[in-house]
*Asks:* 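This structure is in structure tokens; I'll ask about it shortly.
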2 protein chains.
Amino acid sequence: MKIRAERDDMSAIERRIADFILTEAHLLRDYSSQQLANALKISQSSVVKFSQKLGFKGYPDLKYSIGESLARNESSDADLPVRPEGKDSHAVLAENLWHFKSLAEQETRLINPPAKLDLIADLIDNANKVFIIGLGEDGILARAFTMRLTLLQIDTALHCDTAQMTTRISMATPGDVLLLFSEYGQQLPLCRIGRQMQEQNGKVVAVTRHNANPVRALSDESLLVSAHDDRIHIEPLLYQAALRHLLDTLFMILCEKKPDQLVDYASNLDRIKDLHNQ
Amino acid sequence: MKIRAERDDMSAIERRIADFILTEAHLLRDYSSQQLANALKISQSSVVKFSQKLGFKGYPDLKYSIGESLARNESSDADLPVRPEGKDSHAVLAENLWHFKSLAEQETRLINPPAKLDLIADLIDNANKVFIIGLGEDGILARAFTMRLTLLQIDTALHCDTAQMTTRISMATPGDVLLLFSEYGQQLPLCRIGRQMQEQNGKVVAVTRHNANPVRALSDESLLVSAHDDRIHIEPLLYQAALRHLLDTLFMILCEKKPDQLVDYASNLDRIKDLHNQ
DNA sequence: TTAACGAAGCATAAAGTATTGACGATGACT
DNA sequence: AGTCATCGTCAATACTTTATGCTTCGTTAA
């Protein structure tokens with residue numbers, strides 16, 4: 001459901017509405033926009049505006065859609081007999097986790113429309129040089145993506161260190177791109193680097209969670225991830241899986257744009273393989 | 001659908017309505033009662049009466065139900081959509097990739113039975129120290145897994161460099177574990193390190209593709225990955241996704257074994273977040 | 001500080017829905 | 001055949017619900 005994905009980006013009231021719809025969807029059937037508003041102690045117009053913001057024609061249209069997806073879900077619930085919540089075999093554990101990863105991936109796909117990915121792919125493709133930075137866990141996916149780009153013969157510089165990056169950026173030319181990996185987007189040093197990049201007429205792309213945060217606010221474009229779980233130790237797994245997939249998609253788009261590099265790509269891969277084999 | 005049953009004892013006009021709903025259900029979404037009446041050249045009130053007669057509260061209620069049952073039916077159709085092979089929108093591209101990742105994950109799950117994962121989790125849990133090595137792309141997941149273990153307060157040393165690792169291993173004690181990340185398992189330097197580890201009575205776990213290879217042959221235990229695709233640039237993506245999931249699963253198993261560490265885990269995560277925020 | 005923006009509410013216009021009552025057709029009983 | 005009851009339909013209208021324009025308020029950027 002699209003609502004779940006957009007949830008992060010909403011104001012307090014909108015989130016109230018979203019949560020109600022997500023948790024009490026079944027009640028919605030006999031709620032008019034006014035009743036829903038009353039239940040949430042907000043104005044009826046807020047409900048309508050909420051609906052429209054999500055791209056529905058109006059409240060009835062939203063309601064209709066909720067009905068649909070509700071029906072869809074419960075009919076597929078019947079397919080998978082009983083969600084085996086208990087701590088069964090680890091196979092179930094693994095399957096379950098994959099299920100949640102899939103959900104995160106879907107949500108993430110919804111908030112990153114193809115047009116945007118295309119645009120970002122173009123930015124990267126046309127840049128003289130691509131700069132990438134990511135600290136801590138963010139660094140891992142940053143590194144992985146750097147490798148991919150390098151294999152595609154795109155000149156890419158990775159740093160896990162703000163100091164180094166600052167000096168590097170000072171050499172950026174217009175048209176260069178900086179990718180800021182930051183799950184929560186709160187890192188102020190990264191913001192500084194982003195601004196520095198913009199002063200030199202470079203583009204800044206944020207790679208972050210889909211909520212309001214400084215890094216995203218500053219960026220020219222952004223890759224957004226939606227991934228949630230109550231279990232604190234699971235949530236990062238979902239974030240990483242969803243983001244990885246988003247980056248993989250971007251990579252595939254780049255591959256399409258550079259079919260000739262793809263040939264070299266293969267031989268590069270082979271060369272690397274041999275490299276370590278003595 | 002109830003309508004179909006009742007259709008027999010209806011008046012002419014009512015049957016017209018019923019037939020329209022049954023055949024053109026998809027149009028109904030954007031029809032008001034008035035529009036429907038116009039389309040059928042009947043009065044709006046007839047439409048409403050018809051709805052009520054069938055037991056709905058009114059026309060919107062009927063419409064809602066139609067939407068539901070429409071969704072239910074098409075969702076079971078949609079389970080097996082025609083696999084859209086052509087290079088459509090990038091959304092399809094992404095969806096398709098995810099599909100293949102899922103397949104790889106499934107295959108991978110099948111060749112790593114829960115008992116084996118349990119055993120490896122125990123090895124890690126009981127080790128004084130865990131050593132991890134992975135070169136190139138293998139290094140990325142090695143690093144990610146190292147971070148997870150460290151957050152669980154497991155003493156873990158990562159190296160992306162065989163020379164350093166050799167000296168490190170010389171300090172290993174019996175009961176320690178070495179994880180060798182090597183997609184193709186051909187790297188002889190890694191084999192040497194593995195043997196060194198065994199000479200010191202440590203355990204060696206290979207993390208590699210599910211085929212015969214030197215690294216796997218040498219190891220005491222192995223985490224195996226199955227991931228295939230004709231497109232040379234896609235295969236690594238599948239390998240990484242499947243392996244990542246396997247490691248995530250292992251991580252979850254470890255979490256279960258160390259429920260107390262899980263509490264610290266959360267605070268560690270927070271601490272790391274703050275760390276970078278100035 | 002002011003300008004600019006967005007979020008939320010209120011009031012109200014517009015749209016949509018339900019009810020009423022009138023009319024004609026049908027069919028049953030006298 | 002005549003009368004009456006019933007049903008289905010419609011037009012008019014009362015009512016409900018939804019959408020929109022306008023105002024206010026709080027936040028952000030200049």
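The shown structure was predicted, so the numbers you read here are calculated from the model rather than taken from an experiment. Quick note on labels: first sequence line is chain A, next is B, and so on, each numbered from 1.
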*Asks:* Rounded to whole Å, how long is the line connecting atom CG of Asn38(B) with atom P of dG16(C)?
*Replies:* 11 Å
*Asks:* So which nucleotide from dC10(D), dA19(D), dG16(C) ends up closest to the side chain of Val48(A)?
*Replies:* dA19(D)
*Asks:* Go through dT17(C), dT17(D), dA19(D) for me and flag the one nearest to the Pro60(B) side chain.
*Replies:* dT17(C)
*Asks:* Among the candidates dG16(C), dC10(D), dT18(D), find the nucleotide nearest to the side-chain atoms of Ser32(A).
*Replies:* dT18(D)
*Asks:* Does Ser45(B) make a side-chain donor-acceptor contact with the base of dA11(D), cut-off 3.5 Å?
*Replies:* yes
*Asks:* Under 4.0 angstrom, heavy atoms only, what part of the nucleic acid is Gln52(A) near: base, sugar-phosphate, or nothing?
*Replies:* sugar-phosphate
*Asks:* Would you say the base of dA18(C) and the side-chain of Gln44(B) have a donor-acceptor pair closer than 3.5 Å?
*Replies:* yes
*Asks:* Would you kindly give the CG-to-P distance between Leu40(A) and dA8(C), to the nearest whole Å?
*Replies:* 12 Å
*Asks:* Go through it in stages, so that I can follow the logic: the residues are Ser65(A) and Arg29(B), the test is side-chain hydrogen bond (donor to acceptor under 3.5 Å, both in side chains), and I'd like the CA-CA distance, side-chain angles, deciding distance and then a yes or no.
*Replies:* CA-CA 9 Å; Ser65(A) 285; Arg29(B) 175 167 196 150; 2.6 Å; yes
*Asks:* Separation of Tyr59(A) atom OH from dT18(D) atom P, in whole Å?
*Replies:* 6 Å
*Asks:* Rounded to the Å, how far apart are Ile17(A) CD1 and dG9(C) C1'?
*Replies:* 13 Å
*Asks:* Considering only NZ, NE, NH1 and NH2 on the basic side and carboxylate oxygens on the acidic side, decide whether Asp118(A) and Lys257(A) come within less than 4.0 Å.
*Replies:* yes
*Asks:* So Ser33(A), base contact, sugar-phosphate only, or nothing? Heavy-atom distance under 4.0 Å.
*Replies:* sugar-phosphate
*Asks:* Determine the sole option in Leu180(A), Thr208(A), Val207(A) for which the side-chain contact (heavy atoms from CB on, under 4.5 Å) test with Arg216(A) is passed.
*Replies:* Thr208(A)
*Asks:* Separation of Gln34(A) atom CD from dT17(C) atom P, in whole Å?
*Replies:* 18 Å
*Asks:* Establish, with yes or no, whether the OP1 or OP2 oxygen of dT18(D) is under 4.0 angstrom from a side-chain nitrogen or oxygen of Lys49(A).
*Replies:* no
*Asks:* Could you state the atom-to-atom distance from NZ of Lys41(B) to P of dA11(D) in whole Å?
*Replies:* 13 Å
*Asks:* Between atom CG in Leu36(A) and atom C1' in dT18(D), what is the gap in whole Å?
*Replies:* 13 Å
*Asks:* dC10(C) P sits how many Å from Ile42(A) CD1, rounded?
*Replies:* 11 Å
*Asks:* What's the shortest heavy-atom distance between Leu237(B) and Lys101(B), and which atoms?
*Replies:* O-CE, 4.2 Å
*Asks:* Where do His210(A) and Leu224(A) come nearest, in terms of heavy atoms and distance?
*Replies:* CD2-CD1, 3.4 Å
